[in-house]
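Atoms within each ligand, like the ligands themselves, are counted from 1 in listed order. Quick caveat, the model's predicted, so the values are computed rather than measured.
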Amino acid sequence: MDFAKFLGMHSPNKNNFQAAATQADNESSFESELSILRDVFRLLPNGVTVQDENGEFVLMNDAAAATLQRAATAPEASQLNDRRETCLELLRAGRAAVLEESVAGGQAKQVLLTSHRPVRIAERNLLISSSTDISEQKAFEEHLFRSAYYDELTGLPTRRVIEHRVNSLLKYDSGQGRFALAFLDVDNFKHINDYYGHSVGDALLAEMAKRVGLDLRDSDILSRISGDEFVLLLNPIESEDEVAEFIRFILQRLKAPFFIDQSEIFASTSIGVSLYPDHGRSYEELRQNADIAMYRVKNGSKGAAAFFDASMEREALARMKVEQALRVAILEKRFCCAFQPKVDIRTQEIQGVEALVRLRDDEGVIQAPSTFINLATELGLIDELTHLVLAEIVKSIDLINETFGSDTTISMNVAAKQAGNPEFMGPFAQAIEATGFPKRFMIEVTEDAFVTKTHFHDEILPLFRKLGVRISIDDFGIGYSSLSALADITADEIKIDRSFITDIHKRPRSQGILRAIESLSEALGMTVIAEGLESFEELAYLQAATKIRYAQGYYFSKPIFLEDLKLATPRASEARAGLVSRPAPETRASYARTGTYRR
Ligand code: C2E
Ligand code: MG
Ligand code: MG
């Protein structure tokens with residue numbers, strides 16, 4: 001059966017098939033075929049219409065009828081006329097087209113993709129139009145579009161938007177325009193997140209965005225470029241003073257307390273500012289220089305603002321050099337360990353050793369961890385570095401046993417940031433197990449790891465306990481925790497920070513604190529060890545006035561390189577970079593153990 005015949009059975013304007021039925025009485029098989037075809041046509045999920053040269057509908061199935069019905073009753077009824085005009089034009093021109101049509105009406109907007117095709121059938125010029133509902137796809141595309149250009153949390157434009165805006169300002173600048181780019185970064189946002197939880201952190205960011213956005217002009221843009229970082233475009237500007245005043249005002253406003261989830265949260269923000277054209281001629285350069293200025297504030301007093309200047313650039317370059325060197329050093333595994341004994345001050349026996357990482361720089365000079373640990377943590381290189389330290393311990397185990405005894409504990413330092421991260425600590429625990437002597441290990445972490453809300457205490461600690469690895473609280477007394485926080489901590493050892501031990505015999509206040517820590521740790525079953533013991537007087541005080549059993553410090557030994565001990569002359573080791581030294585002869589004698597460390 002041909003379509004022309006099928007079509008010819010209908011009179012124009014009758015958009016159903018009843019009329020056709022009477023004409024086909026004597027063609028029963030033809031009729032049943034036709035009826036199937038009609039039903040199929042009627043029930044097609046796509047809307048199909050056929051229009052004649054006057055724009056009148058010759059045919060229309062249910063889906064199309066429903067859509068047109070909606071359009072006809074919508075307040076914007078003119079959309080039907082517009083569609084009719086378009087169709088007539090296509091018919092006249094004999095042109096096919098695929099058009100996106102949106103139909104308002106009812107609850108939601110419907111978006112259709114309609115393919116119009118002019119055809120000549122039964123001597124008539126007709127337009128066949130078939131529509132697919134793409135509303136869902138459009139909504140999804142819109143969502144994608146929004147998430148590319150708008151930040152979901154704060155509703156602010158994203159980095160792309162501000163970058164695009166700055167670039168177009170630069171493109172059309174005739175040499176007169178001036179604007180400022182400010183880089184805002186919340187101070188200690190990680191602590192806020194750790195302490196109050198992520199939902200409060202999120203709410204804080206949204207509130208901050210609101211506060212900063214309050215007094216902006218239409219031509220300014222505030223955008224959130226990542227985590228707790230915002231970039232603010234102030235355009236146009238008259239002078240640096242004007243910008244400085246506005247930024248001071250924003251800083252002030254951000255310092256006022258936030259009330260979130262029944263908590264009163266105090267936050268501060270560091271801001272760096274760069275000016276166009278003085279500090280750069282591209283978005284990237286301006287943003288980077290604002291970032292550099294912000295970094296200067298972060299490293300100083302925080303919660304303040306600074307304008308970029310050339311000295312900052314030199315500083316940033318130097319930092320980048322260190323960063324580069326550190327990456328190379330990790331790649332080339334140019335790390336080694338120095339070991340410092342932990343000594344029983346009653347028996348002079350070595351109870352354990354602490355592995356302290358060292359870096360051999362480009363010139364072969366040995367660098368102490370203070371020059372690179374924070375940077376390595378910041379750059380995400382610390383995990384790799386910790387695995388290198390472990391590998392170094394495994395490699396040196398025979399020497400460790402020979403030097404300090406085969407039953408000593410071996411302490412390793414783990415940064416607080418790592419300690420709360422199961423993705424690092426899981427594999428790290430496995431690596432310790434794989435050494436074959438997990439029970440000899442002790443992990444030193446600072447108090448922060450225990451007091452911030454991370455997985456450390458509940459998830460990670462048990463993992464290590466199962467292996468027989470012990471846990472030590474490093475640098476105790478200078479972190480965030482209070483003495484009462486100790487009660488919630490399950491650790492095996494507590495290392496009292498050097499700042500309490502230095503001249504302890506002359507400082508009654510420190511003595512008091514020491515006694516408090518001592519009795520608390522005793523009640524909680526933790527061993528106490530004094531860090532940074534340097535003098536005989538300090539030792540004598542600990543022995544006479546406290547029950548502290550262990551100490552570590554230059555008095556007994558500086559951290560030493562084990563290969564140096566292997567070298568024939570003890571003098572050779574003293575020559576190394578000043579960081580390594582052998583204990584002075586008189587002190588060496590005083591803690592000789594029945595091992596090979598006695599010389
Ligand atoms: P820490 O774990 O508290 O280690 C003790 C630090 O005090 C060591 O400094 C040690 O050399 C120094 N020290 C020991 N006795 C005395 C003394 O009597 N007087 C003085 N003035 N200092 C003494 P070092 O080796 O420079 O390490 C500094 C910090 O770097 C360590 O403090 C630790 O927090 C970190 N660190 C070292 N190795 C690693 C590591 O492998 N991973 C991580 N994450 N951090 C490490
Ligand atoms: Mg330590
Ligand atoms: Mg320490």
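Those atoms of ligand 1 that come under 4.0 Å of a heavy atom in Gly532, given as number and element, are 15 (N), 16 (C), 17 (C), 18 (O).
With Glu378 as the fixed residue, the salt bridge (Lys or Arg N to Asp or Glu O under 4.0 Å) test singles out one of Arg319, Lys298, Lys417: Arg319.
Under a 4.0 Å heavy-atom criterion, Ser370 is not in contact with ligand 1. Under a 4.0 angstrom heavy-atom cut-off, Val389 registers as being in contact with ligand 1. Using 4.0 Å as the threshold, Glu354 has a heavy atom nearer than that to some atom of ligand 1.
Within Asp474, the N/O/S atom positioned nearest the Mg ion (ligand 2) carries the name OD2. As for Glu354, its N/O/S atom nearest the Mg ion (ligand 2) is the one called OE2.
Between the side chains of Ser263 and Asp261, no donor-acceptor pair is found at a separation under 3.5 Å.
For the Mg ion (ligand 2), the N/O/S atoms of Ser472 include none lying under 2.8 Å. Within the coordination shell of the Mg ion (ligand 2), defined by N, O or S atoms under 2.8 Å, Glu444 is present. The Mg ion (ligand 3) lies under 2.8 Å from an N, O or S atom belonging to Glu531.
Here Arg358 has side-chain heavy atoms under 4.0 Å from ligand 1, and that is the only part of it that gets that close.
Between Phe372 and Phe335, the distance separating the two ring centers is shorter than 6.0 angstrom.
The option from Glu538, Glu534, Lys495, Glu531 that lies nearest to atom 5 (C) of ligand 1, judged by heavy atoms, is Glu531.
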